[in-house]
*Asks:* 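Shown below is the structure under consideration.
All values below come from the heavy atoms of this structure, side chains included, with hydrogens, waters and symmetry mates left out.
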There are 2 protein chains.
Amino acid sequence: MAYHHGNLREALIERAAEVIAERGIEALSLRALARDLGVSHAAPSAHFPDRRALLCALAREGFRRSVDTMNAGAEAAGPDPVARYRALGRSYVQFARDNPSYFRAINHPEVEALQDDELQESRDAWVATLREGVEIAQAAGWHPEIDVETLLAFSCAGAMGAARLLTDSTWCSMFEVEDLDALADSVLDLVVHRSRTSVIPIPEDQRRVS
Amino acid sequence: MAYHHGNLREALIERAAEVIAERGIEALSLRALARDLGVSHAAPSAHFPDRRALLCALAREGFRRSVDTMNAGAEAAGPDPVARYRALGRSYVQFARDNPSYFRAINHPEVEALQDDELQESRDAWVATLREGVEIAQAAGWHPEIDVETLLAFSCAGAMGAARLLTDSTWCSMFEVEDLDALADSVLDLVVHRSRTSVIPIPEDQRRVS
DNA sequence: CCTTCGATCTTGACAGCGACAAGATCGCCT
DNA sequence: AGGCGATCTTGTCGCTGTCAAGATCGAAGG
């Protein structure tokens, strides 16, 4: 065994993601992480001064990956601005369900209370992604009567609320829906439901309302 | 000083709410709580077997109070079903902003992961309150074309997302809005914006879109 | 009255954790 | 060769949650 682990920082993040996905952020311990990786209890401190710093790194990675996922989803949605906007929200929810550890890190109160410039940059990038989608859709004639800031705030609230609802079995089980994916689509469809009146109509086969 | 505190259980909840409001759930410690109240470090265990049980009690109280606040808001909104529905969401956001400690307890992942029948009852009551508002509004002709489960899920996601956005300064500061209350109204207005096309139109002076 | 019993509170102890300090080991650069 | 910074180790501290065993109180019943 080498004295230097060699890649401890990334190994910590990777193992932390596993633990969080399995047992939640509350069960995350720097010492246990060090044990799992076969290093001494204080080794992580060389890379993360404290527990919060590790969670912060997780959250930053989560924001970065979710932005990538959202952009890829928008790209795959084709040229229609409203379809791209829809895809942004949909992709975020999908990311949240596929990556519970990053999603939990992003939304954990301990991380939220953290004042960190780099973390705030990551958050800004996430909002900017959504803002771009809103602005492009609006420029194409989507709800010109509504203030863009209001539309953006609504989009953020909708995406965050939907992701929260659909990643937590406690909440999901309260709705009489068998297919979780169908519910996800329905919620996100409603978020942009008003686009039915936009200059670019939603194709019939993409509507979820009957 | 009496050997028995006399009202330790409620005193613990009250003090815990203060600490959470000031420094967050992460800063909550049973021992510190006991010190603050002048009892021994293990006294709380007579009322709460572990830390989670205390948070669970906080969350239950939070659900109970928020339901009361929502119902009171709906009552004050008058007879119109859509106005009452609007008031439900609005009142919840107001409750979240007025009672950060209860709101944080409700939404903390440590509490969410908790499987507790009584807690689930409280959650059910909260959803039932929203469900009743949706059903009554729909019975009055509000969006008959949309499945009630979908409308409910959307209402939950909207209320939770809006409350989350508007109780966290980190997120609030990202929107170019000076007046937080105006943003809250705008977000919630958009949630029910589609009611413009309902059989019961929203009064002109209640619309936030220009 | 007084005894018993359950609820409540105390004292004591233990392991795990985050954090800090001091020192050891390694790769790298001059 | 030698220094230097990054990385890792060992040791320690106080704090926390949790458990166990015992003390105190109020109330209920003989």
*Asks:* Choose from C:dG18, D:dC8, C:dG12 the nucleotide whose nearest atom is closest to any side-chain atom of B:Ala42.
*Replies:*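 Of the candidates, C:dG12 comes closest.
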
*Asks:* Scan B:Arg35 against the nucleic acid and name what it touches under 4.0 Å (heavy atoms): base, sugar-phosphate only, or nothing.
*Replies:*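 Contact class for B:Arg35: sugar-phosphate only.
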
*Asks:* Just the rounded figure in Å: distance from P of D:dA20 to CG of B:Asp50.
*Replies:*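 Rounded to the whole Å, the gap is 14 Å.
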
*Asks:* In whole Å, what is the span from the CZ atom of B:Arg52 to the C1' atom of D:dT18?
*Replies:*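 It is 14 Å, rounded to the nearest whole Å.
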
*Asks:* Name the nucleic acid region contacted by B:Arg9, choosing base, sugar-phosphate or nothing; use a 4.0 angstrom heavy-atom cut-off, strictly under.
*Replies:*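 No contact.
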
*Asks:* Can you tell me if A:Ser29 touches the phosphate of C:dG16, counting only side-chain N or O atoms and a distance under 4.0 Å to OP1 or OP2?
*Replies:*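 A:Ser29 to C:dG16 OP1/OP2: no side-chain N or O under 4.0 Å.
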
*Asks:* Indicate, with a heavy-atom threshold strictly under 4.0 Å, whether B:His41 touches base, sugar-phosphate, or nothing.
*Replies:*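 If one applies the 4.0 Å heavy-atom cut-off, B:His41 turns out to touch a base.
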
*Asks:* Nearest whole angstrom, please: distance from the P of C:dC9 to the CZ of B:Phe48.
*Replies:*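 Spelled out: CZ on B:Phe48 to P on C:dC9 is 11 Å.
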
*Asks:* How sharply is the helix from C:dC1-D:dG30 to C:dT30-D:dA1 bent, taking the axes over five pairs at either end and rounding to 10 degrees?
*Replies:*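 Here the local axes at opposite ends form an angle of 10°.
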
*Asks:* Assess the residue pair A:Gln120 and A:Asp116 against the criterion (side chain to side chain donor-acceptor pair (under 3.5 Å)); give the C-alpha distance rounded to whole Å, side-chain angles, the decisive distance to 0.1 Å, and a yes or no.
*Replies:* CA-CA 6 Å; A:Gln120 190 57 35; A:Asp116 180 276; over 6 Å; no

*Asks:* C:dA7, OP1 or OP2 - any side-chain N/O from B:His47 closer than 4.0 Å?
*Replies:*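 Indeed not, no polar side-chain atom of B:His47 lies that close.
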
*Asks:* Is any NZ, NE, NH1 or NH2 atom of the basic residue among B:Asp80 and B:Arg84 found under 4.0 Å from an Asp or Glu carboxylate oxygen of the other?
*Replies:*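 Not counted as a salt bridge, because no side-chain N and carboxylate O are separated by less than 4.0 Å.
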
*Asks:* Rounded to the Å, how far apart are A:Leu30 CG and C:dG16 C1'?
*Replies:*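 About 13 Å, once rounded to whole Å.
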
*Asks:* For B:Arg31, report the nucleic acid contact type (base, sugar-phosphate, nothing); a contact means any heavy atom under 4.0 Å.
*Replies:*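 Counting heavy atoms under 4.0 Å across all strands, the contact made by B:Arg31 includes a base.
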
*Asks:* Measure the distance from CG on B:Leu28 to C1' on D:dC15 and round it to the nearest whole Å.
*Replies:*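 Spelled out: CG on B:Leu28 to C1' on D:dC15 is 14 Å.
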
*Asks:* With side chains defined as the heavy atoms from C-beta onward, is the minimum distance between A:Cys156 and A:Leu152 less than 4.5 Å?
*Replies:*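 Yes, their side chains come closer than 4.5 Å.
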
*Asks:* Does any non-hydrogen side-chain atom of B:Arg65 lie less than 4.5 Å from one of B:Phe95?
*Replies:*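 The answer is yes, as the side chains (C-beta and beyond) meet within the 4.5 Å cut-off.
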
*Asks:* Find the distance A:Glu26:CD to C:dG18:P and express it as a whole number of Å.
*Replies:*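 One finds 12 Å between P of C:dG18 and CD of A:Glu26, rounded.
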
*Asks:* Could you tell me how far apart B:Leu12 (CG) and C:dC9 (C1') are, to the nearest whole angstrom?
*Replies:*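 Spelled out: CG on B:Leu12 to C1' on C:dC9 is 12 Å.
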
*Asks:* For the residue pair A:Trp142 and A:Tyr85, does the interplanar ring angle fall in the parallel (under 30°), tilted (30 to 60°) or perpendicular (over 60°) class?
*Replies:*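 Rings of A:Trp142 and A:Tyr85: tilted, 30 to 60°.
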
*Asks:* Would you list the pairs meeting salt bridge (Lys or Arg N to Asp or Glu O under 4.0 Å) in which at least one residue belongs to residues 92-115 of chain B, sequence neighbours left out?
*Replies:*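 Listed by first then second residue: A:Arg164-B:Glu112, B:Arg51-B:Glu110, B:Arg97-B:Asp181.
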
*Asks:* In whole angstrom, what separates A:Leu54's CG from C:dA19's C1'?
*Replies:*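 It is 15 Å, rounded to the nearest whole Å.
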
*Asks:* Take A:Ser45 and A:Ala32, find for each the nucleotide of DNA chain C with the closest heavy atom, and name the residue whose nucleotide sits nearer the 5' end.
*Replies:*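 Per heavy-atom nearest nucleotide, the more 5' residue is A:Ala32.
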
*Asks:* Does this structure show an ion pair linking B:Arg131 with B:Glu149, if we count only N-O contacts that are shorter than 4.0 Å?
*Replies:*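 B:Glu149 and B:Arg131: salt-bridged.
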
